[in-house]
Each structure stands twice: as structure tokens, then as C-alpha cells.
Enquirer: 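Below you will find the structure I want to go over with you.
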Protein chains: 2
Amino acid sequence: MKSAQDIKEFEALAISCKALSHPARLAILQTLARRGSCICGEIVAVMPLSQATVSQHLKILKNANLITGEIDGPRCCYCLNTRTIRELRERIGVLFGSLENCC
Amino acid sequence: MKSAQDIKEFEALAISCKALSHPARLAILQTLARRGSCICGEIVAVMPLSQATVSQHLKILKNANLITGEIDGPRCCYCLNTRTIRELRERIGVLFGSLENCC
DNA sequence: CTTGTTAATCGTTAATCGACGATATACAAT
DNA sequence: ATTGTATATCGTCGATTAACGATTAACAAG
């Protein structure tokens, strides 16, 4: 059986992975990683999707705490949440930590 | 705009992440990581889900190439596909490689 | 060949996802 | 106050997901 602690970890990691499980959101994250910050409009310009759809993807990333968004006048400046990303990578590391082969 | 190469990477990573985006599948992977190999039945025993549901999760993991499954008589022995897992981690590394702050 | 066991697949249902256009909100500039 | 711009949210629709019980397929043992 899995411990309660494990289950919490699994749920947290699953939420992050679900947010990462769409090419458009990965493209958004890459853009943010490269440019540091980004006005929403710049992201929309780079993506082959409508403004509404991009906004929805941004919301999903924000809900998963992978990015932060600050209102700046009529614009909104997004950037990566490096803390969550670090945690995500650590969780994956722990999950697969001691890899052994079998078959 | 994103390069065609980028898009392929995003799609491949998205597929892996989608497979990782469920707590039950993470639990299965942890079990495999700890025990090396695993008969399907042992996994079912550890999980609080029906055999059919576990089998479905195993199929998703297998489709994403995160695990391999070999038939062994009436049983099926699963184990992690360390290659895909390594690639997954590398892709995440590349995606977030040069993290800078902005806000 | 029959039986028992293991695992995969089928068929269904409710829930969630992804996409979009339309609309609402928030603020700067005039 | 009005206008224009930027972003978020709403409502809808088709597609996909997750879950399950029931059934089927594959094989070992007798």
C-alpha cells in the first residue's frame, strides 16, 4: 500500500504533469523560459491559437502554480514560477530515483 | 514562432506528461521503480482500484512507452522503460534549461 | 480437453478537456 | 465621461478520460 504522504506527492505531481500535458502549454512555458517575462499579448502573437484559448491555457498553468501573472495596467505580465518547477523536477527525481532493470 | 523541431519535442513531452498526470499511474510507476519488475496482479493488489482500471492505466503507461510489458505465461511482467524516462527528464531539463526571473 | 487463473478488452456512464466566439472587465489615454 | 486596448470569463459543443462490471483471450495444470 501507498502511504498518505506518497499519495499527496502523487496528487501534487499529477497536477503539475497534467498542466504540462499539452503542447501549447509547453510552448508557452518555453517562451517564458527564454524571455524571462512576457506580456500576454506577446504569447498570443507567438501561438497559432486564439486569444481566448491562450488565456485558458495560461489559466491552467497558473492554477498549477507553474507560472505567475501580475496585472500591469491593462496588460498582464506572466513569468515562470521557478519554485514550483524545481519542486516538480525534484518530485520526478524522487519517483524514479532508484532505477533498476528487471526484464 | 516555434520551430517544427520544437513542436515535435512538445508533442512528445506532452504525451509523457499526460501519462504521468494521474496519481494512480504515478503510484504504479513508483511500485515498478522500487521493485524492479512487477506482475500485473501484484500491482493490482497494491492499488485501491479494480483490475480493469489498473489494466487501463497500465495500457496508458505502455502506450506512452514509459513501461514495457512482457507476457510470461498467463501473467504479464511489467517494468519501467528507463530510456523513455531518461528522455522525459532531459526534455524537461531543456525546456526549463535557462531559467531567469523577471517579475 | 476441461478447469482455473491472469490479464486485456468491451460497452457504458459521468466527468473533464480543448476549442471557439461572444461578452465582460480593467485600465490608459483622451 | 468616452474610447480603445488588453485580458479574462462565459457558454457551448464535440472529443476524450476515468471508472466500472462483464466478457473474452491466453495459457498452465490436471
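Fair warning: this is a prediction, and the values are worked out from it, not measured in the lab. To find a chain, count down the sequence lines: A is the first, B the second, and so on, and within it residues start at 1.
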Enquirer: Tabulate below the donor-acceptor pairs under 3.5 Å that side-chain atoms of residues 47-57 of chain B make, not counting sequence neighbours, or state none.
Expert:
residue : atom : partner : partner atom : Å
B:S50   : OG   : B:T53   : N            : 3.2
B:S50   : OG   : B:T53   : OG1          : 3.0
B:H57   : ND1  : B:R25   : NH1          : 3.0

Enquirer: Please list, chain by chain and in numerical order, all residues satisfying side-chain hydrogen bond (donor to acceptor under 3.5 Å, both in side chains) with A:N65, sequence neighbours excluded.
Expert: none
Enquirer: Set out, line by line, the N/O atom pairs under 3.5 Å between protein and nucleotides 27-30 of chain C.
Expert:
none

Enquirer: It should be established whether B:Y78 places a side-chain nitrogen or oxygen under 4.0 Å from OP1 or OP2 of nucleotide C:dA8.
Expert: yes
Enquirer: Is there a path of hydrophobic side-chain contacts, each under 4.5 Å between heavy atoms of I, L, V, M, F, W or Y residues, that connects A:L13 with B:L20?
Expert: yes
Enquirer: Measure CG/A:L58 against C1'/C:dG18 and give the value in whole Å, please.
Expert: 14 Å
Enquirer: Can you give me the closest heavy-atom contact between B:L66 and B:S16, atom names plus distance?
Expert: CD1-O, 4.1 Å
Enquirer: Whole Å only: how far is the NZ atom of B:K59 from the P atom of C:dT6?
Expert: 22 Å
Enquirer: What is the separation between atom CD on B:E70 and atom P on D:dA26, rounded to the nearest whole Å?
Expert: 18 Å
Enquirer: Are B:E87 and B:R83 within salt-bridge range, i.e. N to O under 4.0 Å?
Expert: yes
Enquirer: Do A:E9 and A:R91 have side-chain heavy atoms sitting under 4.5 Å apart?
Expert: yes
Enquirer: Can you tell if the side chain of A:L32 reaches within under 4.5 Å of the side chain of A:I43, non-hydrogen atoms only?
Expert: yes
Enquirer: Whole-Å distance between C:dC17 P and A:N63 CG?
Expert: 11 Å
Enquirer: State which residues pass side-chain hydrogen bond (donor to acceptor under 3.5 Å, both in side chains) with B:H22; sequence neighbours excluded, sorted by chain then number.
Expert: none
Enquirer: Taking side-chain hydrogen bond (donor to acceptor under 3.5 Å, both in side chains) as the test, write out the residues that go with A:T84, two or more places apart.
Expert: A:N81
Enquirer: Let me know the distance between CD1 of B:I39 and C1' of C:dA8, rounded to the nearest Å.
Expert: 15 Å
Enquirer: Using whole Å, report how far CD1 of A:I43 lies from C1' of D:dT7.
Expert: 11 Å
Enquirer: Using a cut-off of under 3.5 Å, enumerate the N/O to N/O pairs linking the protein to nucleotides 18-24 of chain D.
Expert:
residue : atom : partner : partner atom : Å
D:dA18  : OP1  : B:R25   : NH2          : 3.3
D:dA19  : OP1  : B:H22   : NE2          : 3.2
D:dA19  : OP2  : B:H22   : NE2          : 3.4
D:dA19  : OP2  : B:H57   : NE2          : 2.6
D:dA19  : N7   : B:Q56   : NE2          : 3.3
D:dC20  : OP2  : B:T53   : OG1          : 2.7

Enquirer: Check this one for me: any side-chain N or O of A:S55 less than 4.0 Å away from OP1 or OP2 of D:dA8?
Expert: yes
